[in-house]
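These notes concern the structure reproduced below.
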Amino acid sequence: MSYAVSMSTVASRREQYSQATRAALLAAATRRFAEQGFAGTALEDIAADIQATRGAIYHHFANKTALFQAVFEELEHDALEQSAAAAARGKDPWEAAFLALDVFLERCCDPVYGKIVWQEGPIAFGWPQWLAAEEALAYGFIQRLLSDLMETGQLERQPLQTTTRLVFGMLNAAGMTLADAPEPAKPQLKTEYLTMIGRMASALRPQPSPAFE
C-alpha cells in the first residue's frame, strides 16, 4: 500500500469518526433540549452522554446556540421531508396540500418536535430570529402548495405573497397551540385545526356559476 493511499484511508476514517461524533452529539442534544429545555441544558452533560469532552462539541459547534440551531434545523428538515412525501401521494394539488397539512399537524403533536421547535426555539434564538428561521425553512414549501392550487384552479387566484403570509401565520399559531396543549388534548385539537383550515380554504375554491332558469 502506498503512503498516499494509507494517508487517504486514515483521513477517511477520521472523517467517518467525525461524522459519527457529530451525529451522536445531535442525538444527545435533541434528548437534552427536549427534556430540560435550552436554558436547562449544559454542554458538559451532552458531552458526557456520549462519553466525549466539551472540546468535541466545540470542534463541531461554536456554542450552545449553534448546537441548538443544528438540532432545530434537523427536526424541521425532517418534518418538511415528511410533509413533501405526503403531498407527493396526493392525486391532485388539493389532496396533496391537505395530506401535507395532516403530517405537519401530527408532527406538532410530537413532544420532541413541539418542545424544541415551538417552545424552545423562540427562547434560544429570540423571537425575530426564530421567526426568520421558520420562514427560511417553511415559507417556500407553503408558497409552492398554494401556487399549485391556484394554477390548477382549485383555489381562486389571490395575491400569492399575501396568501402565503396568512397561511404561514396560521400554521405557526397551530404549531404553538398543539405544542403547548396537554398530551390527551392534542388529537382533538389537531382534528379541529384540520377541519377549520379545510373550511377556510374551501371558501376560496371557485364557485360554480348560477344556472339560469
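Between Phe33 and Phe72, a ring centre-to-centre spacing not shorter than 6.0 Å is recorded.
Side-chain contact between Leu145 and Pro93 is absent, with no heavy-atom pair separated by less than 4.5 Å. Two residues are said to be in side-chain contact when any heavy atoms from C-beta on lie closer than 4.5 Å; Leu155 and Thr163 fail this criterion. The shortest distance between side-chain heavy atoms of Leu26 and Phe61 falls below 4.5 Å. Using a 4.5 Å heavy-atom threshold, the side chains of Asn63 and Ile57 count as separate. Looking at Lys190 and Asp102, their side chains come closer than 4.5 Å, going by heavy atoms from C-beta outward. By the 4.5 Å heavy-atom criterion applied to side chains, Trp94 and Thr152 are not counted as neighbours. By the 4.5 Å heavy-atom criterion applied to side chains, Arg205 and Glu156 are not counted as neighbours. The shortest side-chain heavy-atom distance between Tyr58 and Leu43 falls under the 4.5 Å cut-off.
Taking Lys186 as the reference, Glu183 meet the side-chain hydrogen bond (donor to acceptor under 3.5 Å, both in side chains) condition, with sequence neighbours excluded.
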Give the table of side-chain donor-acceptor pairs shorter than 3.5 Å for residues 126-138, with sequence neighbours excluded, one pair per line with atom names and distance.
from, atom 1, to, atom 2, distance (Å)
Trp130, NE1, Val117, O, 2.9
Glu135, OE1, Arg165, NH1, 2.9
Glu135, OE2, Arg165, NH2, 3.3

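By the criterion of side-chain heavy atoms lying less than 4.5 angstrom apart, applied directly or through intervening Ile, Leu, Val, Met, Phe, Trp or Tyr residues, Leu194 is grouped together with Leu171 in one hydrophobic cluster. Under the 4.5 Å side-chain heavy-atom criterion for ILVMFWY residues, no single connected hydrophobic cluster contains both Met170 and Val103.
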task: Starting from the C-alpha separation in whole Å, work towards a yes-or-no answer on side chain to side chain contact (heavy atoms under 4.5 Å, CB included) for His59 and Thr21.
output: CA-CA 10 Å; His59 176 74; Thr21 301; over 6 Å; no
task: Under the salt bridge (Lys or Arg N to Asp or Glu O under 4.0 Å) rule, what do Glu120 and Lys115 come out as? Steps first, then yes or no, please.
output: CA-CA 6 Å; Glu120 295 300 316; Lys115 174 76 171 179; 3.4 Å; yes
- prompt: What do the steps show when you test Arg107 against Asp78 for side chain to side chain contact (heavy atoms under 4.5 Å, CB included), and what is the final call?
  reply: CA-CA 10 Å; Arg107 288 289 289 157; Asp78 182 59; 3.5 Å; yes
- prompt: Can you check ring pair (Phe, Tyr, Trp, His ring centres under 6.0 Å) on Phe125 and Phe68, steps first, answer last?
  reply: CA-CA 9 Å; Phe125 297 140; Phe68 182 90; 5.4 Å; yes
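The minimum heavy-atom distance linking Ala124 with Thr65 is given by the pair O-CG2, 4.2 Å. Of all heavy-atom pairs spanning Leu149 and Ala97, the tightest one is CD1-CB, 4.1 Å. Closest heavy-atom contact between Phe98 and Ala201: CZ-CB, 3.9 Å. Nearest approach of Ala100 to Ala87, heavy atoms of both residues: CB-CB, 4.1 Å. Closest non-hydrogen pair, Cys109 versus Leu178, comes out as SG-CD2, 4.0 Å.
A salt bridge between Glu95 and Arg89 is absent, with no side-chain N of the basic residue lying under 4.0 Å from a carboxylate O of the acidic one. In summary, Asp49 and Arg32 engage in a salt bridge, as defined by a charged side-chain N under 4.0 Å from a carboxylate O.
Looking only at atom types and distance, the side chain of Glu106 has no donor-acceptor partner in the side chain of Tyr113 under 3.5 Å away.
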